[in-house]
Amino acid sequence: MSALLEVDKVEAGYGAVQVLWGCDMVVNKGETVLLLGVNGAGKTTLLRTLVGLQPCRGGAIRLAGEDVTGLGPDARIRRGMAYMSELGVFPTLSIAENLRLGAYGASNAEARRRAEAMYQMFPALAQKRRSAAGSLSGGQRKMLGLAKALMSGAEMIFMDEPSSGLAPVFVTQVIETLKGVIGGGTSLLIAEQNIAFLELADRGYLMDHGKMAVSGTRAELESSDAVRRAYFGVGAEG
Amino acid sequence: MQALLEYAIVGGVLYGIFFGLVAVGLNLIFGVMRIINLAHGEFVILGGFGAYWLSTSLGLNPLWGLPLAALGAVVIGFPLYYAVVPGLQRSRDPEMLSFILFFGLAQIIDAIISLGFGPDQRSLPDEALGGGTISVLGQAFPDSWWVAAGVAILAIMGLWLYLTRTRLGFATRAIMANRDEAFATGIAVDRVSAIAFVIGLALAGAAGVFVPYLQGSVAPGIGNNLTTTSFAILIIGSLGNPVGTLFGGLVFGVGSMLMQTFYASWSDLVPYVLLVVIVLLRPQGLFGKAVRNA
Amino acid sequence: MRETWFKRARAGVITAAVLALVFGFAPTLYNNSSLLFMMMTYIVLAQGLNLLYGFTGYLPFGYVGFFGTGAYATALLVMKLHLPIALAIAAGPVASMVVAVVLGPLLRLSGAYFSIANLAASQILFIVIGNPNMQDITGGPYGVKIDQVYNPTASYAAMVMLVVGVTLIATFFRRSRFGQGLKAMADDPVSAEMSAIPVVRMRLLAWLTSAAVAGLAGALYAWNLSVFYPDAVFTLEISVFAIVFALFGGVGTVLGPIIGAGLLYALYNAIGISEPQYFQLIYGVLIVGLVMFLPEGILSLLTRRGINVF
Amino acid sequence: MSSEPILALTNVAKSFGGFQVLTDVNFELKPGEILGLVGPNGSGKTSVINLISGVHQPEAGTIRFDGAEIQRLTPHARVKLGINRSFQVPKCFISMSVRENIEVAAHFSGHDADIPAILEDIGLSGMEAAPAASLTANQQKMLDLGRALATGPKLLLVDEIGAGLNPAELTGIADLLKRIAARGISMIVVEHLMEFLNKLTSRVIVLSAGKIIFEGSLGDASHDPEVVTAFFGGAA
Amino acid sequence: NAPSVIKIGTLYAGSGNFAVASQAQYKGLEFWAKRVNAEGGVYVKAYGKKIPVKIVAYDDQSSTSTATTLYNQLITQDKVDLVVADFGSVLTSVAIPLAKEHKMLLIDPTGSSAGFFKEKTDYLADVSIPSSAVWPMPLAKFLEQEHIKKIGIIYGSNDFDGSQADTLKAEFKKVGITPVFDHAVPTGERNYTVLLHSAAAARPQALIELGYLPNDVAFLKSLKSSGLHFPFVFTIFPGQFKQLMEKNVGKDALKYTYSYPAPPMIKYEKVNLGMNTDQFLKAWGKTHDGAEANFVNAGGYNAGILMAKAMGTAPQFTQTDLHKALLGMSGKITTVLGAYKLSPTGAQLGQRLPVAQFQPQKDGSLKTVVVYPASHKTGDAIYPAPQG
Ligand SMILES: Nc1ncnc2c1ncn2[C@@H]1O[C@H](COP(=O)(O)OP(=O)(O)OP(=O)(O)O)[C@@H](O)[C@H]1O
Ligand SMILES: Nc1ncnc2c1ncn2[C@@H]1O[C@H](COP(=O)(O)OP(=O)(O)OP(=O)(O)O)[C@@H](O)[C@H]1O
Ligand SMILES: [Mg+2]
Ligand SMILES: [Mg+2]
């Protein structure tokens, strides 16, 4: 396996506050990596830094061997990254237009094909394809955000909590869809709290206070005390 | 009475279309970058002086002012954009900061025009745009009005096509809708915005070419008024939508001309009264989309 | 808050006292009292605008409408009803508050839509008051003349008092729960309602206060000027200056608008007096330069160093 | 517990621009009760909360709180009566500090709130001076809850506060909500996470496409075929 | 203890609505100052010698509030010896109370609003042009003489134009004429096409447009491009800024139209103070690259020579004596602008503005033919104007 994404001692923060402290991480081609960590551990910040939305204050980020640390988000996304943000959509644009933007670099025909697949998966979106995204419910927005990221067809997709706020019926569906995506050779880095996602992951990292506390395969994580503590609260009181 | 009414309506339509062009550049700059371009009117005037200079110094047809406006917008717009806008956007309240900055810019442009051309009014000969009249529904209007309206329609439709049919235009609308998400989607926000900025200036300059015709003359210092009227028009039509601005222009033009025909001294109330009434009825403008707040 | 009222108001009282001293004694050092008077007028307008914009987020592009209304109310009451000047001046803010109530529905709008609609409203006032058909009532385009009550010293003193008053009002906004509630509304009106804040009523209150301040400033300006045309008190330039000054100083604070207006207006005059040839050019360059190098307003020089500005 | 309902919705309906969001919604809530409100995305849960809290007004039907009709009252008036809510998409006062966010609500509602205790409850006690803008989305949601608690509500509407939390954090929140309920505060909890809801209540209402399709116990709901297809999916 | 220079303070508008006219007036004043200084200064009787003059000038940007502070600056800081108002009533208005307060005489070349001169004051003197309210008197008389009864009026909503319209209408009323078309337009109006069309529908025998310079430009351009024809068209500014108007609207658009021919377009040969019209034009051309002087240039110059004369006659160099001197000269002096007559309240009552028609010549130029009153008449009016 070759490394697609290499994160080397990355530091980042907001204003005077430093959030990430020398984060190391690797995502191999076709691999699905889960990013765990309690509230405020720095998961969102890491994903934003990787895609270039947050300036990298130290360290390096490499995509397929190329150093992309100095590139803007547009250049990184052109090189095959995609990012699903926690809450973002284009509120005054229609659902269809939002999806089209997800496949910003693709041809019209290709975008249409991918959009149909998305509508299949989320009939609620199909129903409202002409409505403004700003009128959607919280969960529908989430679906749109996810669909938008999947529209990109990127090699390396970052997802920030794709299942939060989704009804169980859709969580199951999302997992099934992601299995398909993974089968297609896409690499995923998913920050997620829903245990159900563990079944997708090859490996995972646990973040703690902006540092990588634990890393390992799914099995290793499942048996890690630190993960249990942070994640399931086992021994949290003790 | 009937004839007067028809004349006022046809005149108002032409005049309004022209004002749609005057305002549409502001719409783009305000809609995409959230820049309150208080210097908009000054850019319009620059276009007018450019056409005047071409016509008097080089003996060219003032319509060459249109490509000159585009060229000028590129030459002024890109450096200006990169010099000030990214800095603005990084600040805490870009919209409000732009207010001060572009106020200062308006002063500079006004001063430069005054120093370069003096305070005098400048007009252009009618013959350059035909010099005759064209009648529609039996109502004759000067050729220059038709040319201006024609160019305005082409420009606004062109902008509409740009925004709805091209990738860059699509990206532009995405930035208008949510700047952060546009970054996250991989749009080269700065480049797309810079292009929108330049197009906005070019449209302002292009409108300026016709100011000596539809306003009798161009002079430094008339920019304020154009800026204010443009803001009114674009809010009537709603932010971000060029067709809305065209519509806002029409509402303004026809309203003003009807008022001018029957109660001339109150005619400049029209755009403002319309604006207030329309936004109170539809707080997002005639063409705006509402989004939920909870 | 456990602090006493005095403790909270202290900074404001000191600021007001300093302003009163400065403007009270300035004419003995520099006797172009018109300039000092105009500077105070702009301090008041910038601060009045700050009460609305800095605390509620509504930027009144047509703020001058209230100023002009106050000026005209005073002038017309003196001219037509021969009211004593003190009463006529008191009517200034009343008139502008009446206008504010009529324009109240504009507060349903937000952002640019509000700003531009407010601008439109001020233009409507201007066009109506200056219309030839209104000659018998307002003097129309011929303006007004009340030089029988002209009294630069008294009007100057009154403006000093208004500066003090508006500083104290701003202090109240800045240091009271009321002001905090306004800021909450500006951040998120829906959440503010959910904090039991009567959003509509409080917004209207801020709007009326801001309007009254401008109306009173207009009334005193009319008294000080005594001969003027509609354009003199309704020109958009007044709105734009007030906004630029307030923003430049830093809105949402008490000191910001005072420093912004004082400094930029002083510069404006210094350039106008020393370099009349290139007045506009230099002023424009200066403003652009200041914004580019101090994008957060002048007070950011302090806040950037972690100093909490009052 | 008195049998008089603290909240009663009768034939409530709402639409946006021709799109029917809620149709004929009827239900009651007893004092001190916790009601789970579930349903697939876009079924109208948040809209129900919006109508009860006054963010929107119903087109038809009545909403009674403590026996009085409230559907025409302003939101802040309802807050004063004792209704409050959190938001699905956090909406705190981002230019203020954590503490100020809560102080404002306490002040304007006239409720003598124990602010340190609230901060402790919502897990932000170390961060009271931090600007709200620097909180993570989940922390902001907790701050929203704190703001609601500061007004001393009798009825609390909680909109997907568990979304994006891990099991440990969920347990913490469930405990918190139980403690709040123990103070006699009635609650409507909107949530997709059934384990979480299960810790709080047994009574749920299931919405689908704006209509109530089920009312009863959580256990029964998971066996109701209509609920299963609409909400749980094949997996449940 | 004679001062080494006489400081004359004034304002001009570098930008804004009044820039064109204001700068023209300022140039006129400067022209005067250069000439006196070239002769060693102005003779001041109180000191018994010639003293050079120095102009202190600021840019008020056409803003009244800026003008207020700058007038005050001139008076209190620069301590100028004389204050000359900026162009026009609007920018003059704010100086009036200030001048009174500081007991300074305000030399007012062009602020001619009737309202300024209602009460007696020692601190205001309109030295150059009569109140705009009396400008249209000869025009009214001329129309009456020509038996033109169907009249249309379009005027700007401002003091300058409104007062002229009021006077015209009052004069017409005396002879039983009500205008068939009477519309005030906003001062900023630049679009006359539709308005002209409505005016044409009323079929007036004469159409009078009273506006500021940009209004007249827009009006005449619209008239020309509309293809409409009126037998008689009157506008204010071609008579005052003929060159500028010709350049803007073209000679064709001015053909057969009427205006007030202000000096130097009408000439005063016999003057007893300063240069006569031809001398003035020549001297101006020499120092201004051959440019033709206009009315407001002459107004600025005129203010200068009258001030000089006042300084030369006032026994003491005080504002009251200077004012008395200016009043004392009333009725005894003719300048490049004609007779100088001051009312006790300081209003200018001197030469009224005649009516002239621009008649095309064989060589394509436009000749300014004074058609009224008889005392100045240089030719007959061509009425109705030939079409085409
Ligand atoms: N805009 C900001 N300004 C300042 N600090 C911030 C900002 N955004 C986040 N932080 C801080 O950075 C830290 C990490 O936040 P981040 O959003 O990356 O956490 P997270 O792991 O994604 O948490 P969650 O599970 O709640 O989404 C937190 O302590 C937060 O307070
Ligand atoms: N202001 C509005 N304008 C237009 N449509 C709206 C508005 N508010 C809600 N809707 C529509 O009403 C439906 C219900 O929305 P609501 O937010 O109540 O769903 P929800 O049950 O809370 O969903 P979720 O679980 O995803 O939060 C959605 O289809 C949404 O698009
Ligand atoms: Mg996160
Ligand atoms: Mg919801």
Side-chain angles (χ1 to χ4, degrees), chain B residues 30-31 34 36 38-39 83-84 87-88 90-112 114-115 220 224-225 227-229 231-232 234-236 238-239 263 265-269 271-280 283-285 288 293-294, chain C residues 53 59 61-62 103 105-106 108-124 126-128 131-133 140 188-191 194 235-237 240-241 243-248 251 264 277-293 295-297 300:
Chain B
F30 189 37
R34 291 286 146 173
I36 302 182
L38 283 187
V84 302
L88 276 183
R90 248 176 276 121
S91 72
R92 204 172 23 125
D93 193 347
E95 198 163 330
M96 291 311 131
L97 201 61
S98 70
F99 191 103
I100 321 179
L101 195 135
F102 281 77
F103 166 73
L105 191 65
Q107 303 290 309
I108 296 176
I109 299 177
D110 238 359
I112 291 176
S114 295
L115 292 172
N224 270 343
N225 218 342
T227 307
T228 322
T229 312
F231 269 117
L234 83 92
I235 292 290
I236 290 175
S238 81
L239 277 178
Y263 305 95
S265 64
W266 298 104
S267 65
D268 52 356
L269 270 184
Y272 304 117
V273 170
L274 283 174
L275 170 90
V276 170
V277 170
I278 286 173
V279 292
L280 284 179
Q284 68 279 52
N293 60 358
Chain C
Y53 175 62
L59 182 70
F61 221 152
L103 296 181
L106 292 187
R108 286 202 306 241
L109 307 172
S110 60
Y113 289 85
F114 169 81
S115 296
I116 311 296
N118 180 234
L119 169 113
S122 78
Q123 291 289 308
I124 292 172
F126 175 31
I127 294 164
V128 169
N131 200 281
N133 298 319
D188 192 320
V190 177
S191 261
M194 285 300 138
T235 171
L236 271 188
E237 182 191 88
V240 172
F241 268 40
I243 295 172
V244 168
F245 292 165
L247 289 173
F248 177 73
V251 289
L264 279 191
Q277 300 291 321
Y278 300 101
F279 188 177
Q280 224 188 353
L281 185 64
I282 298 177
Y283 196 55
V285 168
L286 196 89
I287 285 185
V288 170
L290 283 173
V291 173
M292 286 176 69
F293 295 106
E296 307 282 275
S300 67

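Lettering of chains follows the sequences in order, A, B, ..., and the numbering in each one begins at 1.
For B/Leu274, no part sits under 4.5 Å from any heavy atom of chain C, backbone or side chain. For chain B, the nearby part of C/Phe61 is the side chain; its heavy atoms alone come within less than 4.5 Å. Interface remark: C/Leu286 contributes no atoms to any contact with chain B (heavy atom separation under 4.5 Å). With a 4.5 angstrom heavy-atom cutoff, C/Val190 touches chain B only via side-chain atoms. The part of B/Leu275 that comes within reach of chain C is its side chain, from C-beta onward, which places non-hydrogen atoms under 4.5 angstrom from that chain. Proximity to chain B (any heavy atom under 4.5 Å) is restricted, for C/Phe241, to the side chain, taken from C-beta onward. With a 4.5 Å cut-off on non-hydrogen atoms, C/Phe245 does not touch chain B at all. With a 4.5 angstrom heavy-atom cutoff, C/Val251 does not touch chain B via any of its atoms. At a 4.5 Å heavy-atom cutoff, the contact between C/Leu59 and chain B is made by side-chain atoms alone. In this structure, chain C has no heavy atom under 4.5 Å from any part of B/Leu234. The contact between C/Ile124 and chain B is made by backbone and side chain atoms together, counting heavy-atom distances below 4.5 Å. Neither the backbone nor the side chain of B/Ser98 comes within less than 4.5 Å of any heavy atom of chain C.
Summarising the geometry, atom CD1 belonging to B/Ile36 is positioned 7.0 Å from atom CD1 belonging to C/Ile116; distances are rounded to the nearest 0.5 Å. Here the CG-CZ distance, from B/Leu97 to C/Phe248, works out to 10.5 Å after rounding to the nearest 0.5 Å.
When each of C/Ile282, C/Val128, C/Leu290 is checked for heavy-atom pairs under 4.5 Å with chain B, C/Val128 comes out on top. Chain C forms the most heavy-atom pairs under 4.5 Å with one residue out of B/Ile109, B/Val276, B/Ile278, B/Asp268, and that residue is B/Asp268. Ranked by non-hydrogen atom pairs under 4.5 Å with chain B, the options C/Asp188, C/Asn133, C/Leu119 are led by C/Asn133. Chain B forms more heavy-atom pairs under 4.5 Å with one residue of C/Ile287, C/Val240, C/Val288, C/Leu247 than with any other, namely C/Leu247. Between chain B and the options C/Ile127, C/Leu281, C/Val244, the largest number of non-hydrogen pairs under 4.5 Å is found for C/Ile127. Here C/Gln123 is the residue among C/Met292, C/Gln123, C/Gln277 with the most heavy-atom pairs under 4.5 Å with chain B.
Annotation for B/Leu280 and C/Arg108: closest pair O-NH2, 3.5 Å, computed over non-hydrogen atoms.
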Handout entry: Pair B/Tyr272-C/Ser122, side-chain contact (heavy atoms from CB on, under 4.5 Å): steps then yes or no
Key = CA-CA 9 Å; B/Tyr272 304 117; C/Ser122 78; over 6 Å; no

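Shown here are the side chain to side chain donor-acceptor pair (under 3.5 Å) partners of B/Asn225, two or more places apart in sequence or in another chain: there are none.
In this structure, C/Phe114 and B/Val279 have side chains that are not in contact, with every pair of non-hydrogen atoms separated by 4.5 Å or more.
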Atom pairs and distances, donor-acceptor, side-chain atoms in residues 99-107 of chain B, under 3.5 Å, two or more places apart:
none

